[in-house]
Amino acid sequence: MDSPAMAGPQPGRQRALVPVLVSLGMLVAVVSSLGAPLVPTIAAEEHVSLNDAQWSLTVTLLVGAVTTPVMGRLGDGPRRRPVILGALVAVLAGCVLAALPLGIGCLVTGRALQGLGLGLTPLAIATARDALPPERSRPAVALLSITTVAGVGLGYPVTGLIAQSLGLYAGFWFGAAVSVAALVAAVVVLPPSPRRPAPRPDVPGAVLLGAALAGLLLALSEAELWGWKSVRLLVLVGICVLLLGVWAAHELRTARPLVDLRLTKDRGVLTADVTALVAGLGMYLLVSLVTRFVQTPREAGYGFGASVAVTGLVLLPFSLGSLAAGRVVPLLARRAGTALVLALGCVFSLAAVLAFALVRGQLWELFAIMAVAGFGIGWIFAVMPGMIVGSVPAHETGSAMSFNQVLRYVGYSTGSVLSATVLQAHTTAGSVLPTGDGYRTAALLACGVWVVMILVTTVLPPRRRRGAVAAPVPGGAAALPRTAGEDAARQEAAR
């Protein structure tokens with residue numbers, strides 16, 4: 001008989017656990033918000049090109065994509081608490097290093113350390129599943145997933161306003177302060193690690209997946225500079241695809257894989273992973289278009305010439321819409337099932353990008369568009385973790401959620417690069433700014449992405465089982481439906 005999965009925290013600490021885990025998700029959002037909006041400021045402050053400054057964003061995603069699966073696997077065993085605390089220390093050190101005016105090399109190194117923080121959300125979700133009773137863990141898991149999305153809109157205006165008012169380095173000092181608060185709270189409140197056998201590290205799997213993901217993200221970030229038909233880009237992508245094939249074959253053969261790909265045979269896991277990739281692409285495609293459009297000078301014939309702080313405020317309705325969706329999703333999922341929630345979330349997202357393609361002449365229209373987009377994305381990301389948690393054993397939660405998170409990052413990067421590529425294609429020779437038609441074309445492309453997602457979420461999800469029970473949530477809402485897979489996983493963890 002297995003030993004208990006995790007020693008339960010004391011009642012007082014258990015009440016504080018969800019806020020502390022949410023603070024880890026918000027830290028991930030702050031780390032992310034220190035990237036894209038500050039790239040032009042970094043280029044100006046450090047006297048480097050925009051391409052060089054872009055590494056302050058790229059390196060964070062690279063490190064996050066490479067280390068998140070490893071952190072997830074380590075976090076499924078007795079090392080979870082040390083892994084979480086170690087990542088928080090690394091993020092704090094990275095923020096301090098980036099905040100020191102020591103040049104672009106020091107700043108990029110600091111941003112690389114901050115990339116370790118991107119692996120915290122899957123570990124927070126695994127902790128919630130193990131340490132909380134079912135009626136509290138399911139809504140907590142949904143909230144944690146939404147937090148990373150909502151935090152984008154909350155973090156951008158805050159860090160943008162700080163950087164605009166107090167300078168670039170003040171934004172990183174703000175990140176350091178948030179890291180200290182999260183670290184102290186985690187030391188006090190986090191429960192002990194699960195009492196499970198330590199998983200044997202899958203070093204070949206980690207190396208293969210890390211190299212493949214790093215190469216793909218590097219190719220995406222440098223594609224515009226190298227040229228989409230350049231030999232080195234095509235060779236790099238080909239090598240990465242080959243490495244992914246070798247990695248998949250290795251994971252299916254090894255007894256203790258880094259990511260158990262056999263779990264994707266479950267349609268719930270497969271749906272969540274495909275959704276993470278494609279929805280992440282669609283989300284960042286719109287976010288990238290809106291932030292660039294708002295900052296475009298009016299002299300271009302479109303745009304609003306807004307500051308970084310105002311641009312961040314445009315994303316605030318996105319966060320509020322995501323949080324509002326988190327209040328609606330549990331009740332709807334209980335009544336209609338997760339498949340319908342996913343499809344409706346895609347419909348809202350499609351409506352948002354279609355509205356951006358057709359109506360964007362007033363600033364208030366963009367606020368409304370981002371609110372609708374946030375509502376749709378919030379619906380989607382609120383149900384994804386529940387689909388995974390309800391389909392995998394407890395000892396695979398961290399690994400499965402980490403792989404899902406990596407697919408999100410790949411989608412984010414692809415969406416960001418795709419928006420830049422389309423706009424560049426609509427930039428005439430000798431001009432700096434694209435034509436307004438470029439934004440319409442990119443938005444219509446995003447519409448195509450969401451149409452595909454509607455089809456995927458209609459076909460892939462498993463049918464809702466008869467007799468699925470929804471556990472009550474404090475306050476009268478309902479959690480996501482419990483499935484037989486989740487009940488089995490709960491019984492396994494309780495033994």
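No experiment lies behind these values; they were computed from the predicted model shown.
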What donor-acceptor contacts under 3.5 angstrom involve side-chain atoms of residues 18-26, with partners at least two apart or in another chain?
unit_1, atom_1, unit_2, atom_2, d
Ser23, OG, Val20, O, 2.4

- Message: So Met71 and Ser402, do their side chains get closer than 4.5 Å, heavy atoms only?
- Response: no

- Drop me the distance from Tyr169's OH to Leu100's CG, to the nearest 0.5 angstrom. 9.5 Å

- Query: Under the 3.5 angstrom rule, does the side chain of Ser288 hit a backbone N or O of Leu285 as a donor-acceptor pair?
  - Reply: no

- Tell me, do Leu366 and Ile369 make a side-chain contact under 4.5 Å, heavy atoms counted? yes

- Leu281 side chain reached by Tyr412 side chain, heavy atoms, under 4.5 Å: no

- Message: Would you say that Thr275 contacts Met387 through its side chain, given a criterion of any heavy-atom pair below 4.5 Å between the two side chains?
- Response: no

- How about Leu244 and Leu216: do any of their side-chain heavy atoms sit closer than 4.5 Å? yes

- Query: Can you check whether Cys240 reaches Leu236 side chain to side chain, under 4.5 Å on heavy atoms?
  - Reply: yes

- Okay, side chain of Thr68, backbone of Ala65: is any donor-acceptor separation there less than 3.5 Å? no

- Can you tell me how far OG of Ser179 sits from CG of Leu27, rounded to the nearest 0.5 angstrom? 4.5 Å

- Task: Check Leu209 against Pro69 and note the closest heavy-atom contact, atom names and distance.
- Result: CD2-CG, 3.7 Å

- Task: Of all the heavy-atom pairs spanning Gly171 and Ile162, show the shortest one and how long it is.
- Result: N-CG2, 3.8 Å

- Where at least one partner belongs to residues 439-450, residue pairs that pass side chain to side chain donor-acceptor pair (under 3.5 Å), sequence neighbours excluded: His426-Thr441, Asp437-Arg440

- Between Val63 and Leu116, is a side chain to side chain contact (heavy atoms under 4.5 Å, CB included) present by the stated rule, with each step listed? CA-CA 6 Å; Val63 172; Leu116 291 171; 4.3 Å; yes

- Task: Might you work through the side chain to side chain contact (heavy atoms under 4.5 Å, CB included) test for Ile104 and Ile42, ending with a clear yes or no?
- Result: CA-CA 8 Å; Ile104 187 66; Ile42 291 171; 3.9 Å; yes

- Donor-acceptor pair, side chain of Glu46 and main chain of Ala43, under 3.5 angstrom: no

- Item | Shortest non-hydrogen contact between Leu113 and Ala90, atoms and distance | CB-O, 3.6 Å

Atom pairs and distances, side-chain donor-acceptor, residues 403-411, under 3.5 Å, sequence neighbours left out:
unit_1, atom_1, unit_2, atom_2, d
Asn404, ND2, Ala272, O, 3.0
Asn404, ND2, Asp273, OD1, 3.1
Gln405, NE2, Tyr409, OH, 3.2
Arg408, NH1, Thr148, OG1, 3.2
Arg408, NH2, Ser145, OG, 2.8
Tyr409, OH, Leu118, O, 2.4

- Message: What verdict does the side chain to side chain contact (heavy atoms under 4.5 Å, CB included) test give for Arg360 and Val290, after you've listed the backbone C-alpha separation in whole Å, the side-chain angles of each residue and the deciding distance to 0.1 Å?
- Response: CA-CA 10 Å; Arg360 55 180 186 274; Val290 170; over 6 Å; no

- Message: So, taking the atom named CG in Leu123 and the one named CZ in Arg79, what distance separates them when rounded to the nearest 0.5 Å?
- Response: 13.0 Å

- Which heavy atom in Ala87 sits nearest to a heavy atom in Leu120, and how many Å separate them? CB-CD2, 3.8 Å

- Item | CD1-OG distance between Ile377 and Ser322, expressed to the nearest 0.5 angstrom | 7.5 Å

- Rounded to the nearest 0.5 Å, how far apart are CG of Leu289 and CG of Leu445? 9.0 Å

- Query: To the nearest 0.5 Å, what is the distance between OG1 (Thr435) and CG (Leu433)?
  - Reply: 10.5 Å

- Contact summary for Gly438 and Val422, nearest pair of heavy atoms: O-CG1, 3.7 Å

- Item | Closest non-hydrogen atom pair, Arg81 against Pro191 | CD-O, 3.9 Å

- Task: Could you check Trp173 against Val96 for side chain to side chain contact (heavy atoms under 4.5 Å, CB included), going step by step and ending with a plain yes or no?
- Result: CA-CA 7 Å; Trp173 284 120; Val96 172; 4.2 Å; yes

- Message: For the aromatic rings, using the six-membered ring if either is Trp, is the centroid distance between Phe375 and Trp379 under 6.0 Å?
- Response: yes

- Query: Does the side chain of Arg111 come under 3.5 Å of the side chain of Thr60 through a donor N or O and an acceptor N or O?
  - Reply: yes

- Query: Does Gly303 offer a backbone N or O that forms a donor-acceptor pair with the side chain of Thr296 under 3.5 Å?
  - Reply: no

- Item | Evaluation steps, ring pair (Phe, Tyr, Trp, His ring centres under 6.0 Å), between Phe293 and Phe356 | CA-CA 11 Å; Phe293 184 88; Phe356 180 75; 5.7 Å; yes

- Query: Short question: side chain of Gln114, backbone of Val91 - any donor-acceptor pair under 3.5 Å?
  - Reply: no

- Item | Side chain to side chain, Val259 and Arg73, heavy atoms closer than 4.5 Å | no

- Heavy-atom check, side chain of Arg80 versus side chain of Thr127, under 4.5 Å: yes

